[in-house]
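These notes are about the structure you will find just below.
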Amino acid sequence: MSESLIDAADAVRAKAYAPYSNFQVGAAIRSVEGNVHLGCNVENVAYPEGTCAEAGAIAAMIASGDTKIAEIAVIAQASAPVPPCGGCRQKIAEFASGDVVVTMATTSGETLSMTVAELLPGRFDAGHMDASEART
Ligand code: THU
């Protein structure tokens, strides 16, 4: 994981809109195409309508025309590196192979790196919709 990707995630973290949790999160994706895409959490007074930093970075990547995640960094001010929520794990897995590294970081410099496969074992994928074995 390059330091610069963590730094990019930290810079966008400062822009997060998190007045309800007061927990700002930043995410930075380096795409296979070679670009960096940023996202931060954006909360809403209707709490479930808020979006995570990872989802924002994925949306920025897709909107740019890039299609695949090469690596991703997520950062928050916390006592330990903050892992992506369950929904974000599935969102990341949509655009990343299992060996892609997700680096979780704290603003004080602690990091934890795990692969997408480690974060989401047994994930749902298109193969599970194979109709040949479907019950009638
Ligand atoms: N959050 C993220 O943006 N990413 C994570 O990986 C964990 C949680 C946000 C969602 C919400 O705005 C706040 O952090 C508290 O859960």
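Every number for a ligand or one of its atoms is a count from 1 in the order of the listing.
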Open item on the list: Pairs of nitrogen or oxygen atoms closer than 3.5 Å, one from Ala53 and one from ligand 1: do any exist?
Closed with: yes
Task: Pair listing, salt bridge (Lys or Arg N to Asp or Glu O under 4.0 Å) test, anchored in residues 42-53, at least two apart - done: none
- [ ] Could you name the option among Cys85, Ser21, Gly87 that has the heavy atom nearest to atom 15 (C) of ligand 1?
- [x] Ser21
TODO: Could you check atom 10 (C) of ligand 1 against the protein and tell me its nearest heavy-atom contact, residue, atom and distance included?
DONE: Cys52 SG, 3.9 Å
Task: The one among Tyr17, Tyr20, Phe23 that brings a heavy atom closest to atom 14 (O) of ligand 1 - done: Phe23
Task: Distance-only polar pair, side chains of Thr103 and Thr111, donor-acceptor under 3.5 Å - done: no
Open item on the list: Could you check whether any heavy atom of Ala16 sits closer than 4.0 Å to an atom of ligand 1, since that is the contact criterion I want to use?
Closed with: no
TODO: State if Gly50 counts as touching ligand 1 under the rule of any non-hydrogen atom under 4.0 Å.
DONE: no
TODO: Just jot down the ligand 1 atoms closer than 4.0 angstrom to any heavy atom of Val25, in number order.
DONE: 1 (N), 2 (C), 3 (O), 4 (N), 9 (C), 14 (O)
Task: Nitrogen or oxygen atoms of Asn41 and ligand 1 under 3.5 Å apart - done: yes
Open item on the list: Apply side-chain contact (heavy atoms from CB on, under 4.5 Å) to residues Asp99 and Val116 and explain how you reach the verdict.
Closed with: CA-CA 6 Å; Asp99 61 355; Val116 169; over 6 Å; no
Open item on the list: When you measure from the side chain of Asn35 to the backbone of Arg30, do you find a donor-acceptor pair of N or O atoms at a distance under 3.5 Å?
Closed with: no
Open item on the list: If we set the cut-off at 4.0 Å for heavy atoms, which region of Pro83 has an atom near ligand 1: side chain, backbone, both, or neither?
Closed with: backbone
Open item on the list: Checking the side chain of Glu110 only, and the main-chain atoms of Ala78 only, is there a donor and an acceptor separated by less than 3.5 Å?
Closed with: no
Task: Where ligand 1 meets Glu43 - atom numbers and elements under 4.0 angstrom, heavy-atom basis - done: 11 (C), 12 (O), 13 (C)
Open item on the list: Can you name the atoms of ligand 1, numbered from 1 with element, that are less than 4.0 Å from a heavy atom of Glu54?
Closed with: 2 (C), 3 (O), 4 (N), 5 (C), 6 (O)
Open item on the list: Can you classify the ring geometry of Tyr20 versus Tyr17 as parallel (below 30°), tilted (30 to 60°) or perpendicular (above 60°)?
Closed with: perpendicular
Open item on the list: What verdict does the side chain to side chain donor-acceptor pair (under 3.5 Å) test give for Gln77 and Thr106, after you've listed the backbone C-alpha separation in whole Å, the side-chain angles of each residue and the deciding distance to 0.1 Å?
Closed with: CA-CA 5 Å; Gln77 182 174 2; Thr106 68; over 6 Å; no
Open item on the list: As a quick check of understanding, evaluate side-chain contact (heavy atoms from CB on, under 4.5 Å) for Thr51 and Asn41, giving each step before the final call.
Closed with: CA-CA 5 Å; Thr51 51; Asn41 53 331; over 6 Å; no
